[in-house]
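We're numbering straight along the sequence, starting at 1.
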Amino acid sequence: MVRFLQKNITVACLLIASAANAQKNLVDYLNTFQGTNSEWDLSYGNTYPTVALPFPVHSWSPQTGKNGDGWKYTWKATTIRGFQEVHQCSPWMGDYGVFTLMPVAGNLVVKDNERAVSFKHENEIAKPSYYKVKLDNGVTAEIAPTERGGHMRFSFPSSKESFVVLDGYTKFSEVKIIPEERKLVGYVTNGTFIPKEFKNYFVIVFDQPFTDYGTWKNESGKINNKNQFDSGMQTGAYVQFKKGVKVQAKIASSYISPDQAELTLQQELGKFQKLEQTKVAADNIWNTLLGRVKVEGGTEDEKATFYSCLFRASLFSHKFYEIKADGSPYYFSPYDAKVHDGYMYTDNGFWDTFRAQFPLSNILHPTMEGRYMKSLLDAQEQYGFYPTWSNPGMSGVMVGNHAISLLTDAWVKGIRTFDPKKALEAYLHEATNKGFWGGSSGREGHEYWFSLGYIPYPTISESGAKTLEYAYDDFCAYNLAKLTGNTFYEKIFARQMFNYKNLFDSTVGFMRGRQKNGEWVPNFDPVEWGGPFTEGNSWHWTWSVFHDINGLIGMMGGEQKFNAKLDSLFTAPNTVKYGSYGHEIHEMKEMVLQNIGQYAHGNEPVQHAAYLYNYSRQPWKAQKQLRGIMAKIYNASPSGFPGDEDQGETSSWYVLSALGLYGVCPGTDQYVLGSPVFNKITITLENGKQFVIEANNNSSKNVYIKSAKLNNVDYNHNWITYNDIINGGTLHLEMSDEPNTSRGINDEDRPFSVSLKK
């Protein structure tokens, strides 16, 4: 009997061990091809299969597009031209500091069109920590990342000559070949939003000797054999190895100096002899980060979507600082072209990311966010205006002055690494001056803001969108001033934050453009895109009053009419009129394909709309709509996003919504409740505490919250606070297939509106 028990215990232990070993690493769930089935006129993400660590300085990607093409890698492509160091946050912005390595077998070819080799997706492996492809010519390429460098390996067939070609990309480059050290050094200067002094210095060290080498020019195609140095527009180099070689390349680069590139190489790759070691280290970093948001229950597909989105949400903003020999940070500023001590971040368009990406990072990465907020003030001091869409330097893309949203949201949530008075002084300058770039650099139309109380159209383009976003930004300044006892700035912005009211036309029930003389812009049609609005129509922009939904409800005639209008957003015909665009843009096509009425999730202005039922005493409608949206338009495939995956914004929306939370109004401490996808979610915070979200009896049908408890106390509010999360605890939800129409309907259950809780 004892032997029988011992035998069965042993078998049970073996089965348990086997199951544990078979359990996926979290990094294995995600698919870095998510969103790559995109092109200029239809976006399912506009991503590339990024090989990187979280929030890196540099990333890596295979290149299918021609040099300079914003669509670096597209799922439908059939050839690969190289393997790039990349920084691109959007194909519409382009990239900077790019150089490419490409293994070439057989005859030496150097230009990107000529060296392209066919491949098949079944011969690819794509994870954040590792990319591998066997090209159709028999060459295998592999990549593993570090924060500021990368590790590549190229395996050549034994019968062919073996070359590696360095491509300096689209603009000026310089390269030096050092055969005795098996090394290439140099720099590239390509990019649009870069200061003239910008250089990306690189060092590449191979582990096999060169049998030949030389430089080449892209314009002429001329190859200079045995030449060890060259510079100029689109200059490259090549090195040759013995046939059939398996050669590794360790790569690092720096925006500061060649010496820093060499130091970074030793700091990040010095201890790794084999690419497998670099991969394992990267795997460990990603599994640790992903493990901080552990989900249980749900389907395998839902887990794949969740962790793919959490990966995307953990790439931008890019770090833009480097590490000295003594371990301290410093950076080359893309704003004043000088080297400064401290931290700097870049590659982010705040018009997109203030909505979800930063509110998510404030939960998961408060230390990084504290450094980031300090860097915003540093950037403002160096340039004269806050960054709005940095890539890596200043641009004026999109609308609004959303740096103040980031700063206020951090302050409200206890991330207080900056001087709020300086932040407000800089914001007042922002709100009363026009910057050197486009619509979001400073405040376009500021001269009308304090007099008319709105931005007039057509005097100022996209004026309706600007009015709504300026009003929200002024609320953020008001709230930061109020929280810090600064009555001077509180009074300045207390009136302007209600300027959104000047665009609501009660006769049509929508926000619309207004002329300089006070009259409405004629021929209004809520399905017409453009004109006073940015990349959308009035159906999308009417809801953009994040800070005062109660005020919007009042203007619409009360909760019943508000709810009816909100219902119609999701059921109205998905008709499109091109308006001032004059043709179909990809956001229009995506809205039609998603077929959720006039709801256009592929673009940001309306992404919060489903949560607004929480403000109008019908939270169960939010729960149903959100689960339907997540299930219908997100997945982990190459067609996995409902539009541009802008710097982690669209993915962050999914991550937060899958948790059952969303920050409708960044700049306040509230996260509004939705309906979580998973039965249990455990968030491990930087402070070591855990916040657990339990959704008992959850399923694809049981999407409604029947009852809730926060830390074992009955909870009826339609929101929780940042402190509820960051201090740890448990939000327990009982889910049902029937809505509970008596929960979350009292005045105190409604989320924040400034007109309710001034």
(request) Quick one: pull up CD1 in Ile681 and NZ in Lys294 and give me the separation to the nearest 0.5 Å. (result) 12.5 Å

(request) Could you label the plane-to-plane angle of the Tyr73 and Trp75 rings as parallel, tilted or perpendicular, counting under 30° as parallel and over 60° as perpendicular? (result) tilted

(message) Quick test of your reading: applying side chain to side chain donor-acceptor pair (under 3.5 Å), list the pairs with at least one residue in residues 303-314, sequence neighbours left out, ordered by first then second residue.
(response) Thr50-Arg312

(request) Enter the distance from Leu566:CG to Tyr599:OH here, rounded to the nearest 0.5 Å. (result) 10.5 Å

(request) Indicate whether any N or O donor in one side chain lies under 3.5 Å from an N or O acceptor in the other, for Asp749 and His717. (result) yes

(message) Counting only heavy atoms from other residues, nucleotides and ligands, does the tally under 6.0 Å from CH2 of Trp92 exceed 12?
(response) yes

(message) Can a donor-acceptor pair be found, under 3.5 Å and without considering hydrogens, that links the side chain of Gln623 to the backbone of Ser675?
(response) no

(message) To the nearest 0.5 Å, what is the distance between CG on Asn37 and OG on Ser639?
(response) 3.5 Å

(message) So does Gly531 get a backbone contact from the side chain of Ser580, meaning a donor-acceptor N/O pair under 3.5 Å?
(response) yes

(request) Compare all side-chain heavy atoms of Tyr581 with those of Val576 and state whether any distance is below 4.5 angstrom. (result) no

(message) Thr353 vs Asn348, test: side chain to side chain donor-acceptor pair (under 3.5 Å). Steps then yes/no.
(response) CA-CA 7 Å; Thr353 54; Asn348 203 311; 2.5 Å; yes

(request) Would you please test Lys501 and Asp548 for salt bridge (charged side-chain N to carboxylate O under 4.0 Å, His left out) and show each step? (result) CA-CA 10 Å; Lys501 294 182 178 182; Asp548 196 18; 5.0 Å; no

(message) I'd like to check Val293 versus Leu659 (side-chain heavy atoms, cut-off strictly below 4.5 Å). Are they in contact?
(response) yes

(request) Return yes when atom CD of Glu584 has more than 12 non-hydrogen atoms of other residues, nucleotides or ligands closer than 6.0 Å, and no otherwise. (result) yes

(message) Side chains of Glu604 and Trp653: any donor to acceptor distance under 3.5 Å?
(response) no

(message) Could you check whether any side-chain heavy atom of Trp719 comes within less than 4.5 Å of a side-chain heavy atom of Tyr671, counting everything from C-beta outward?
(response) no

(request) Show your working on salt bridge (charged side-chain N to carboxylate O under 4.0 Å, His left out) between Arg617 and Glu559 and close with a plain yes or no. (result) CA-CA 8 Å; Arg617 304 183 205 272; Glu559 291 169 354; 2.9 Å; yes

(request) With side-chain contact (heavy atoms from CB on, under 4.5 Å) as the test, would you mind laying out the steps for Phe533 and His540 before giving the verdict? (result) CA-CA 9 Å; Phe533 298 110; His540 311 145; over 6 Å; no

(request) Under the side chain to side chain donor-acceptor pair (under 3.5 Å) rule, what do Tyr615 and Ser753 come out as? Steps first, then yes or no, please. (result) CA-CA 9 Å; Tyr615 296 74; Ser753 285; over 6 Å; no

(message) Using a 3.5 Å distance criterion without hydrogens, assess whether the side chain of Glu430 forms a donor-acceptor pair with backbone atoms of Arg443.
(response) no

(message) I'd like to check Thr467 versus Met511 (side-chain heavy atoms, cut-off strictly below 4.5 Å). Are they in contact?
(response) no

(request) Please tell me if the side chains of Leu480 and Tyr427 come closer than 4.5 Å, counting only heavy atoms from C-beta onward. (result) no

(request) Check the angle between the aromatic planes of Phe475 and His547 and answer parallel, tilted or perpendicular using the 30° and 60° thresholds. (result) parallel

(request) Working to the nearest 0.5 Å, report the span between CE of Met591 and CG of Asn537. (result) 6.5 Å

(message) Here's a test for you: under side chain to side chain contact (heavy atoms under 4.5 Å, CB included), which of Asp95, Asn391, Thr47 qualifies with Gln88?
(response) Asp95

(request) Given side-chain contact (heavy atoms from CB on, under 4.5 Å), test Lys624 with Phe570 step by step and report yes or no. (result) CA-CA 12 Å; Lys624 180 181 180 181; Phe570 301 102; over 6 Å; no

(message) Please identify which of these residues, Val664, Leu661, Asp409, meets the side chain to side chain contact (heavy atoms under 4.5 Å, CB included) condition with Pro359.
(response) Asp409

(request) Compute whether any side-chain donor of one residue and acceptor of the other, for Tyr613 and Asp567, lie under 3.5 angstrom apart. (result) yes

(request) Check for a donor-acceptor pair, side chain of Asn698 on one end and backbone N or O of Val677 on the other, with a separation under 3.5 Å. (result) yes

(request) Could you please spell out the steps behind the side chain to side chain donor-acceptor pair (under 3.5 Å) verdict for Ser544 and Tyr472? (result) CA-CA 8 Å; Ser544 288; Tyr472 162 71; over 6 Å; no

(message) Using 30° and 60° as the class boundaries, would you call the ring planes of Phe358 and Phe350 parallel, tilted or perpendicular?
(response) perpendicular

(message) Testing the basics here: between Val692 and Glu694, what is the closest heavy-atom pair and its distance to 0.1 Å?
(response) CG1-CG, 3.8 Å

(message) The test is side-chain contact (heavy atoms from CB on, under 4.5 Å); show your working for Met588 and Val592 and say whether it passes.
(response) CA-CA 6 Å; Met588 299 174 188; Val592 171; 5.7 Å; no

(request) State whether a side-chain donor-acceptor pair under 3.5 Å links Tyr611 with Gln625. (result) no

(request) Please tell me if the side chains of His601 and Ile629 come closer than 4.5 Å, counting only heavy atoms from C-beta onward. (result) yes

(message) Side chains of Tyr48 and Ser38, heavy atoms from C-beta outward: is any pair under 4.5 Å?
(response) no

(message) Tell me if a side-chain donor or acceptor on Asn718 pairs with a main-chain N or O of Asn614 at a distance below 3.5 Å.
(response) yes

(request) Report the distance from atom OH of Tyr44 to atom CG of Asp644, rounding to the nearest 0.5 Å. (result) 13.0 Å

(message) Using side-chain heavy atoms (C-beta onward) and a distance below 4.5 Å, is Thr534 in contact with Pro605?
(response) no

(request) Quick one: do Glu39 and Lys589 satisfy salt bridge (charged side-chain N to carboxylate O under 4.0 Å, His left out)? Show the steps, please. (result) CA-CA 12 Å; Glu39 49 202 351; Lys589 183 181 291 187; over 6 Å; no

(message) Regarding Asn499 and Tyr470, do their side chains bring together a donor and an acceptor under 3.5 Å, going by distance alone?
(response) no

(request) Would you check if the side chain of Gln496 reaches a backbone N or O of Trp449 as a donor-acceptor pair within less than 3.5 Å? (result) no

(request) Using atom types as modelled and distance alone, determine if a side-chain donor or acceptor of Asp352 lies under 3.5 Å from a backbone N or O of Glu649. (result) no

(request) Return yes if some donor-acceptor pair links the side-chain N/O of Arg514 with the main-chain N/O of Tyr454 below 3.5 Å, else return no. (result) no

(request) Can you establish whether the number of heavy atoms outside Lys577 located under 6.0 Å from its atom NZ is more than 12? (result) no

(message) Rounded to the nearest 0.5 Å, what separates atom CE in Met93 from atom OG in Ser395?
(response) 4.0 Å

(request) Identify the heavy atoms of Leu30 and Phe311 that sit nearest to each other, and give their distance. (result) CD2-CB, 3.7 Å

(request) Could you give me the CA-CA distance, side-chain angles and deciding distance for Phe524 and Asp505, then say whether side-chain contact (heavy atoms from CB on, under 4.5 Å) is met? (result) CA-CA 11 Å; Phe524 174 75; Asp505 182 357; over 6 Å; no

(message) Any side-chain to backbone donor/acceptor pair from Ser441 onto Gly396? Under 3.5 Å, distance only.
(response) no

(message) Is it the case that the side chain of Arg750 and the backbone of Ile745 share a donor-acceptor pair, with hydrogens and angles ignored and the cut-off at 3.5 Å?
(response) no

(request) Grab the two heavy atoms, one from Thr650 and one from Gln607, that are nearest each other, plus how far apart they are. (result) OG1-NE2, 4.2 Å

